[in-house]
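To start, the structure under review is shown below, and the notes come after it.
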Protein chains: 2
Amino acid sequence: MLYLIGLGLSHETDITVRGLETVKKCKRVYLEAYTSILMAADQASLDKFYGKEIILADRELVENGADQILDGADKDDIAFLVVGDVFGATTHTDLVLRAKELGIPYESIHNASIMNAVGACGLQLYQFGQTVSLVFFTDSWRPDSFYSKVLENRKIGLHTLLLLDIKVKEQSIENMTRGRLIYEPPRYMDIACAAQHLLEIEEARQEKAYTPDTPCVAVSRLGSPTQTFKAGSLKQMAEYNAGAPLHSLIMLGRQVHDLELEYLCQFVDDEEEFKKLVATDQEYFKPPAWIPPESEDLSD
Amino acid sequence: MLYLIGLGLSHETDITVRGLETVKKCKRVYLEAYTSILMAADQASLDKFYGKEIILADRELVENGADQILDGADKDDIAFLVVGDVFGATTHTDLVLRAKELGIPYESIHNASIMNAVGACGLQLYQFGQTVSLVFFTDSWRPDSFYSKVLENRKIGLHTLLLLDIKVKEQSIENMTRGRLIYEPPRYMDIACAAQHLLEIEEARQEKAYTPDTPCVAVSRLGSPTQTFKAGSLKQMAEYNAGAPLHSLIMLGRQVHDLELEYLCQFVDDEEEFKKLVATDQEYFKPPAWIPPESEDLSD
């Protein structure tokens, strides 16, 4: 049997009771170790907590070594642990499909992930549109496919959750070409970097998906003991020191309810100013919508 | 201290280890008992599992009795348990804001909810648009506000998660007016009822948000031992016997990836037919998009 088990967001004790009971009875336990990290736990603390040794599964093993992971799973119980919930990444559906081909039964044990726990900032989950990912820009690669998705969400009034890049166990191009298994230190995109990327792409595309004044919420270390939220304009986010990883950014949509706003006001520097930003943004995409605010000013 | 603790979807052991440790140390433990139910547990099994008596919190208590729930929380630990994750319903942010007013600290312990665990059907979570709720129609009340939201999602290619009505501890109008605390048996909307409501509203509004052939996925008893998925057309869903509650329905958007489709094919009656439905639907909102398929046929 293959068990796919979500670990939740932060502590080793964020696993469910049923998840823990299952891990304890499994013959081999893999931890998917490249799409996210547990913020208040590490491999050693997990080994100790489970009372058994965990096998770290990197991208190479998960994407190309499914048969190795599944070896013997027709007779023995194998656990595959995922930070957050089980089906956050495409590669895990791959693993299940392979298990199915091999006639190996599987079961999922779910847990919290950023996709639902983000409701803790006070924005209603059913008001979010599609989720987008922001990756680190390089000198030659500045991908902006997120931009049209944010625009689509905001045109219909929805909030956007932006997941920020994580680089774990990455090789430099030099080490890769020389075949040296030397890994770069892990890098986690912070709020300021994400906001700067967003501002740069708006500047380049000028399609008015958002402005430097668009209200945002920074979500830092969600579910960990040092969890923080910060609400403010995109411009403010570009200068915000959010501290240790992990971070996510939310860009608000027009449909902000009074209770959502009241809740967010716990996390602002200047309540009056933030309410004004939100009120302005609520007019931004209203019909005729395609007239940017600057042109409206001219008509006064 | 106020602890808001998610219980997950089904078993009493779906609570996290940290959640369970917290419940055990709390002086009073409330269970929010009207927005959802645990499918494989009840109050008696939870009492036994926690080793303490749970207080059921109905809508009246949660929405108007916050001070009663929070009584003594400045000195003692109080737990407020929520099926799924903590911030699925607006009323829980209300409770936190009231705690804050009273100077009572709070902490959330997150868990899986339908909003993220639905990824188990193989559709990618980041491809979902806004979530909508379907309520039971009555002779005089057939609310269709969900319709324009589904249309908005589908116009930009996104999947829609439709949450289906749950009626727990509801009074008949007669009993309510007579002040009799007699409750109707609980009712849970099933897949066929939801699909029939959708078809009726499309028939009435004729804005072509979807057709009887639009591909859907029925999600039944997610996270429970009898969890099932079924993929097919909306028309097929209107005749589908999904079994015991709880159910949710997903209407697909145009952006279906190959791997999503391959995964869904595990849950179809006729793979060829389903792939054809999806291929047809992928053309449905493509530019010029606003010409309904019937008019396109005429131009042939």
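Within every chain, numbering begins at 1; the chains are lettered A, B, ... in the order of the sequence lines, protein sequences first and strands thereafter.
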| note | Taking every heavy atom of B:Y126 against every heavy atom of A:Q130, the minimum-distance pair comes out as O-CB, 3.4 Å
| task | Look at A:E262, A:H159, A:K100 and state which one has the largest set of heavy-atom pairs under 4.5 Å with chain B. | result | A:K100
| task | Test B:N111 against every option in A:D85, A:D14, A:N116, A:T16 by the side-chain contact (heavy atoms from CB on, under 4.5 Å) rule and name the one that passes. | result | A:T16
| Flag if over 12 foreign heavy atoms under 6.0 Å of CG, B:D258 | no
| message | Can you tell me which portion of A:Q255 sits under 4.5 Å from chain B's heavy atoms? Options are side chain, backbone, both or neither. | response | side chain
| task | Under 4.5 Å heavy-atom distance to chain B, tell me which part of A:Q124 shows up: side chain, backbone, both or neither. | result | side chain
| query | How far does CG of A:L158 sit from CG of B:L158, to the nearest 0.5 angstrom? | reply | 9.0 Å
| said: Only pairs of heavy atoms separated by less than 4.5 Å count here; which of B:I109, B:T93, B:V118, B:N153 has the most with chain A? | reply: B:T93
| Contact winner vs chain A - B:V86, B:I114, B:L125, B:L163, heavy-atom pairs under 4.5 Å | B:L125
| field | Top of A:Q227, A:E260, A:E152, A:E12 for chain B proximity - count of heavy-atom pairs under 4.5 angstrom | value | A:E152
| request: Check each atom of B:S108 against the heavy atoms of chain A and say whether the ones under 4.5 Å are side chain, backbone, both or neither. | output: neither
| task | Name the member of B:A120, B:G84, B:S10 that forms the most heavy-atom pairs with chain A at distances under 4.5 Å. | result | B:A120
| Which pair of heavy atoms, one from A:A112 and one from B:H110, lies closest together, and at what distance? | CB-CB, 3.5 Å
| In terms of heavy-atom proximity below 4.5 Å to chain A, should B:E21 be classed as side chain, backbone, both, or neither? | side chain
| said: Please classify the contact between A:L20 and chain B as side chain, backbone, both or neither, with a heavy-atom cut-off of under 4.5 Å. | reply: side chain
| query | In terms of heavy-atom pairs under 4.5 Å, which option from B:L97, B:L4, B:T13, B:L222 contacts chain A the most? | reply | B:T13
| task | Indicate the atoms forming the closest heavy-atom contact of A:G223 with B:R18, along with that distance. | result | O-NH2, 3.8 Å
| field | Which portion of A:Y263 sits near chain B, non-hydrogen atoms under 4.5 angstrom | value | both
